[in-house]
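Here is the structure we will look at, set down as structure tokens.
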Amino acid sequence: MTSPLVVGVDGSDSCLTAVDWAVDEAARHGAPLKLVYASLWVRYEAGLPSVGPGRPSEQVLAEHIVASAAERAERRNPDVKITTDIVPKDPADALVQESEQAFTLVTGSRGRGEIKGLLLGSVGLAVSARARCPVIVVRGDPAGSAGAHERILLGIGDADDTSTEAVRYAFREAEVRGCVLDVVHAWRRPAFDRNADRMRTGGPEDTYEGHASDVVDARLKAMTAEYPHVRTRTATPEGAAAKILVDRSAAADLVIVGARRRTSAFGFQLGRVSHALLHHARCPVAIVPEGQ
């Protein structure tokens, strides 16, 4: 594998956790690791006259952050090939550009300078909405980040909502980790059926759940043949997909969903389920874009 796994670094605690996670992920896939620091201040300070014999302060800070992250990554796994880059761009724009050539893009859940208590940093959210490759936001409990559960969670929507790329990505992750792949497709009955059930003893649950099972079977058929050694467990619970996946993420090492991005007056927008997971999941979250 020649495409690098790219991780954005900024010196924050969240970034360091993401670096550790990215090193392990790169080792699992035999991919090189690229550490990228991006800041517009590097560009601005480079154009200012120096007030002393030294280099601009932001450049010094950037070099220190990148060197520290590289040293940390090498200590964690010296067999992973590591490169670094300092980019004079807005961090989100720089990482989105990196995603065009990356195997996977990894970010922390909160960056340096983010408001304390913010659920997800602005860079992580922007990159998740715009990147051309899978994006993993490293967040959640220590057990999930450490891979202690030995379980991958894949959220399946209706056939038009979940990309083949997300399903393939989930099977590949489960295979390299040697863990179970839990596949969940939540369903909801229309409101008129809920009201009608109050007037009768029977209900259409079997019909809706049967359809959900058919969706899962159709989405997994090709991948189960391609990855015969991956153990899968499927579930078709009734309820809100976002809540169900957030709850189940507490027992997973990675939760994966496909991304159907929509363009609005506010730019690229992620769906409700992706937003909920990025803000509330108890383990790292992978957002996998559809083929573009």
Side-chain angles (χ1 to χ4, degrees), residues 4-31 33-36 65 68-80 82 95 102-112 114 116-121 123-125 127-128 131 133-155 166 169-170 172-182 184 242 245-257 273-288:
L5 189 153
V6 175
V7 55
V9 298
D10 62 6
S12 65
D13 291 341
S14 176
C15 150
L16 297 179
T17 301
V19 168
D20 291 344
W21 194 95
V23 171
D24 296 344
E25 182 75 353
R28 278 190 287 264
H29 290 277
L33 181 67
K34 183 177 182 180
L35 307 175
V36 176
I65 287 173
S68 297
E71 181 181 356
R72 182 186 182 99
E74 187 173 356
R75 286 201 309 267
R76 189 168 183 91
N77 191 327
D79 294 330
V80 173
I82 300 168
L95 291 176
F103 157 62
T104 297
L105 193 63
V106 178
T107 76
S109 60
R110 192 175 302 120
R112 180 169 60 97
E114 297 284 358
K116 186 176 181 180
L118 193 66
L119 295 175
L120 176 64
V123 172
L125 189 59
V127 171
S128 297
C133 71
V135 176
I136 296 177
V137 175
V138 180
R139 56 162 298 110
D141 297 337
S145 298
H149 299 295
E150 298 185 345
R151 180 179 303 174
I152 299 295
L153 177 63
L154 170 64
Y169 192 90
R172 185 172 59 193
E173 282 295 317
E175 182 177 64
V176 298
R177 295 164 181 259
C179 69
V180 174
L181 174 59
D182 282 341
V184 175
L245 290 174
V246 167
D247 289 345
R248 295 191 180 213
S249 70
D253 300 324
L254 179 67
V255 55
I256 301 168
V257 290
V273 174
S274 296
H275 264 286
L277 289 169
L278 288 170
H279 288 298
H280 301 293
R282 303 280 293 279
C283 70
V285 179
I287 306 295
V288 182

Where is the tightest heavy-atom contact between Val273 and Ala242, given as atom of each residue plus distance? CG2-N, 4.0 Å
Those residues that, when tested against Arg151, pass salt bridge (charged side-chain N to carboxylate O under 4.0 Å, His left out) (two or more places apart): Asp182
Glu71: what forms a salt bridge (charged side-chain N to carboxylate O under 4.0 Å, His left out) with it, not counting sequence neighbours? Arg75
If you compare all heavy atoms of Phe103 against all heavy atoms of Ala31, which two are closest, and at what distance to 0.1 Å? CD2-CB, 4.3 Å
Measuring only between side-chain heavy atoms, which start at C-beta, is Asp253 closer than 4.5 Å to Cys283? no
How close do Ala281 and Val255 get, heavy atom to heavy atom, and via which atoms? CB-CG1, 4.3 Å
Student check: side-chain heavy atoms of Arg172 and His29 closer than 4.5 Å: yes
Closest non-hydrogen atoms of Val137 and Gly108, given as atom of the first, atom of the second and distance, are CG1-O, 3.9 Å
For Ala143, give me all partners under side chain to side chain contact (heavy atoms under 4.5 Å, CB included), at least two apart in sequence or on another chain. Ala148, His149
Who pairs with Val246 by side chain to side chain contact (heavy atoms under 4.5 Å, CB included), at least two apart in sequence or on another chain? Ala276, Leu277, His280
CA sep, side-chain torsions, deciding dist, call: Val9, Val36, side-chain contact (heavy atoms from CB on, under 4.5 Å): CA-CA 6 Å; Val9 298; Val36 176; 5.9 Å; no
Which residues pass the salt bridge (charged side-chain N to carboxylate O under 4.0 Å, His left out) test with Glu25, sequence neighbours left out? Arg28, Arg177
Verify, without hydrogens or angle tests, whether Thr104 (side chain) and Leu5 (backbone) share a donor-acceptor contact under 3.5 angstrom. no
Mind checking what makes side chain to side chain contact (heavy atoms under 4.5 Å, CB included) contact with Ala286, not counting sequence neighbours? Ile136, Tyr169, Leu254, Ile256
Please name the pair of heavy atoms, one in Ser14 and one in Ser109, separated by the smallest distance, quoted to 0.1 Å. OG-N, 2.7 Å
Quick one: are Leu245 and Leu153 in side-chain contact, heavy atoms under 4.5 Å? yes
Under the rule for side chain to side chain contact (heavy atoms under 4.5 Å, CB included), what residues qualify as partners of Ser145, not counting sequence neighbours? Val138, Pro284
Check whether any side-chain heavy atom of Arg139 sits under 4.5 Å from a side-chain heavy atom of Val285, and report yes or no. yes
By side chain to side chain donor-acceptor pair (under 3.5 Å), which residues pair with Asp247, not counting sequence neighbours? Lys243
Criterion side-chain contact (heavy atoms from CB on, under 4.5 Å) on Arg248 and Val184, from CA distance to verdict: CA-CA 9 Å; Arg248 295 191 180 213; Val184 175; 3.7 Å; yes
Quick one: does Arg76's side chain get under 4.5 Å of Asp24's, heavy atoms only? yes
Flag side-chain contact, heavy atom, 4.5 Å: Leu33 against Pro4: no
Does Leu105 reach the side chain of Leu95, with side-chain heavy atoms less than 4.5 Å apart? yes
What's the spacing between Ile287 CD1 and Ser128 OG if we round to 0.5 Å? 5.5 Å
For Leu125 and His275, what are the C-alpha separation, side-chain angles and deciding distance, and is it a side-chain contact (heavy atoms from CB on, under 4.5 Å)? CA-CA 9 Å; Leu125 189 59; His275 264 286; 3.7 Å; yes
Which pair of non-hydrogen atoms, one from Ala166 and one from Leu154, has the smallest distance, and what is that distance? O-CD1, 4.0 Å
Nearest-0.5 Å distance that lies between atom CZ in Arg72 and atom SG in Cys15: 8.5 Å
Is there a side-chain contact (heavy atoms from CB on, under 4.5 Å) between Ile152 and Val180 once you walk through the steps? CA-CA 6 Å; Ile152 299 295; Val180 174; over 6 Å; no
